[in-house]
Amino acid sequence: MPTALITGATAGIGAAFARRLAADGFDLVLLARDSDRLAEAARELHDKYAVRTEVVVADLATDEGLKTAEERVRNGVDLLVNNAGFGNKGTFLNVPLSDELTMLRVHCEAVLRLTHAALPGMLERGRGGIINVSSVAAFATRGTYGASKAWVVSFSQGVAADIAGQADGKVRVMALCPGFVHTEFHERAQMDVTGIPDFMWLDQDKLVDAALRDLRRGVQVSVPGAQYKAIVGLSRLVPRELVGRLSSRTGRKYD
Ligand SMILES: NC(=O)c1ccc[n+]([C@@H]2O[C@H](COP(=O)([O-])OP(=O)(O)OC[C@H]3O[C@@H](n4cnc5c(N)ncnc54)[C@H](OP(=O)(O)O)[C@@H]3O)[C@@H](O)[C@H]2O)c1
């Protein structure tokens, strides 16, 4: 059975990946910080889908957590979903510097280190996939969050280009750029999203479905949903300063 390791597997998009991959027959390695939630998710998925589930309790904002995660990834995974992430409450100068640095660690350093840990084994085995969860915020200027997610897109494209031509193209690296999805994300960041219209919300399961389809097709930057494909396409035509002004306001009201 192939094995998938998902970071941030206990909630939201990560949990949706876990359900879908278990249904597809993947054995799972679930990673997050909350050990009780991890154990519960592992039990539920095992019971429902009869797959092997393993948990890794690790805080990807700490060196110890990163080392634990790297070690498990090096032991062999067929699919790595670098999904763990969060938003900070407030604009740049209103967020403690330590929280901004933690964000860079979880969104960038963890993605880089786990990708680095996963790829040699995948290339040796001649197959594998890495999905790095970014955001449509990557295409706009939107504080440290948008900047970190833009890094994820650029990094993933760069690595995909670096390994092109190896393993017959059977090892794939893709950045996934979701728009708004109902998860714990906004509540954790105390964001007020009541003004976001219904059509802007993506369904978790459809998002995961589109992501896996795009990975199979060899897409390097996946933007699920017609509305977001249009927004990202348009954002390339509008002056960057204007995109930045609009996007730094949308969905950035805090409770
Ligand atoms: N929801 C959206 O609208 C949206 C849109 C675009 C992109 N995204 C991106 O999608 C990804 C998943 O977000 P989500 O919306 O599903 O959020 P979520 O519901 O809040 O889930 C976040 C997951 O990440 C884990 N996590 C957070 N910090 C961690 C850390 N330091 N170390 C290890 N695990 C950690 C959490 O578990 P523990 O707390 O137990 O660690 C949880 O399992 C993020 O990268 C986010 O930026 C979300």
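Nothing here was measured: the structure is a model prediction, and the numbers come from that model. Just follow the structure's listing: the first ligand is 1, and inside any ligand the first atom is 1.
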**OP:** Looking only at distances, please establish whether an N/O atom of ligand 1 is found under 3.5 Å from an N/O atom of His107.
**Re:** no
Original post:
Between Ala32 and ligand 1, is there a nitrogen or oxygen pair with a distance under 3.5 Å?
Top reply: no
Original post:
Does any N or O in the side chain of Arg52 come within less than 3.5 Å of the main-chain N or O of Asp27, such that one atom is a donor and the other an acceptor?
Top reply: no
Subject >> Shortest protein heavy-atom distance from atom 15 (O) of ligand 1, along with the residue and atom involved >> reply: Thr183 OG1, 2.6 Å
Original post:
Backbone, side chain, both or neither: what part of Arg37 comes under 4.0 angstrom of ligand 1, heavy atoms only?
Top reply: neither
Subject >> Donor-acceptor pair, side chain of Arg127 and main chain of Asp78, under 3.5 angstrom >> reply: no
Original post:
Out of Arg33, Glu184, Arg105, who gets a non-hydrogen atom closest to atom 28 (N) of ligand 1?
Top reply: Arg33
Subject >> Under 3.5 Å donor-acceptor, Gln204 side chain and Val181 backbone >> reply: no
**OP:** Compute the shortest N/O to N/O distance between Ser135 and ligand 1 and return yes if it is under 3.5 Å, no if not.
**Re:** no
**OP:** Indicate, as side chain, backbone, both or neither, the part of Ser134 found under 4.0 angstrom from ligand 1 when only non-hydrogen atoms are considered.
**Re:** backbone
Subject >> Ion pair Asp63/Arg113, N-O distance below 4.0 Å >> reply: yes
Original post:
Hey, are Glu44 and Lys48 close enough for a salt bridge, meaning a charged N less than 4.0 Å from a carboxylate O?
Top reply: no
Subject >> Shortest reach to atom 32 (N) of ligand 1 by a heavy atom, considering only Val152, Leu60, Leu31, Leu30 >> reply: Leu60
Original post:
Taking both backbone and side-chain atoms of Ile13, is any N or O found less than 3.5 Å from an N or O belonging to ligand 1?
Top reply: yes
Original post:
Mind checking whether Val181 has an N or O less than 3.5 Å away from an N or O of ligand 1?
Top reply: yes
Original post:
Nearest to atom 33 (C) of ligand 1 by heavy atom, Gly8, Gly179, Ala58: which?
Top reply: Ala58
Original post:
Are the aromatic ring centres of His107 and Trp151 under 6.0 angstrom apart?
Top reply: no
Original post:
Is there a side-chain contact between Tyr49 and Asp24 (heavy atoms, below 4.5 Å)?
Top reply: no
Original post:
Is the backbone of Ala11 close enough, under 3.5 Å, to the side chain of Glu184 for a donor and an acceptor to pair up by distance?
Top reply: no
**OP:** From the options Ala15, Ala138, Ala84, select the one whose nearest heavy atom is closest to atom 26 (N) of ligand 1.
**Re:** Ala84
Original post:
For ligand 1, which part of His186 has a heavy atom less than 4.0 Å away: the side chain, the backbone, both, or neither?
Top reply: side chain
**OP:** Could you tell me whether Arg20 and Asp205 make a salt bridge, using a distance below 4.0 angstrom between a side-chain N and a carboxylate O?
**Re:** no
Subject >> Ligand-side contact atoms (ligand 1) for residue partner Arg188, heavy atom cut-off under 4.0 Å >> reply: 20 (O), 36 (C), 37 (O), 39 (O), 42 (C)
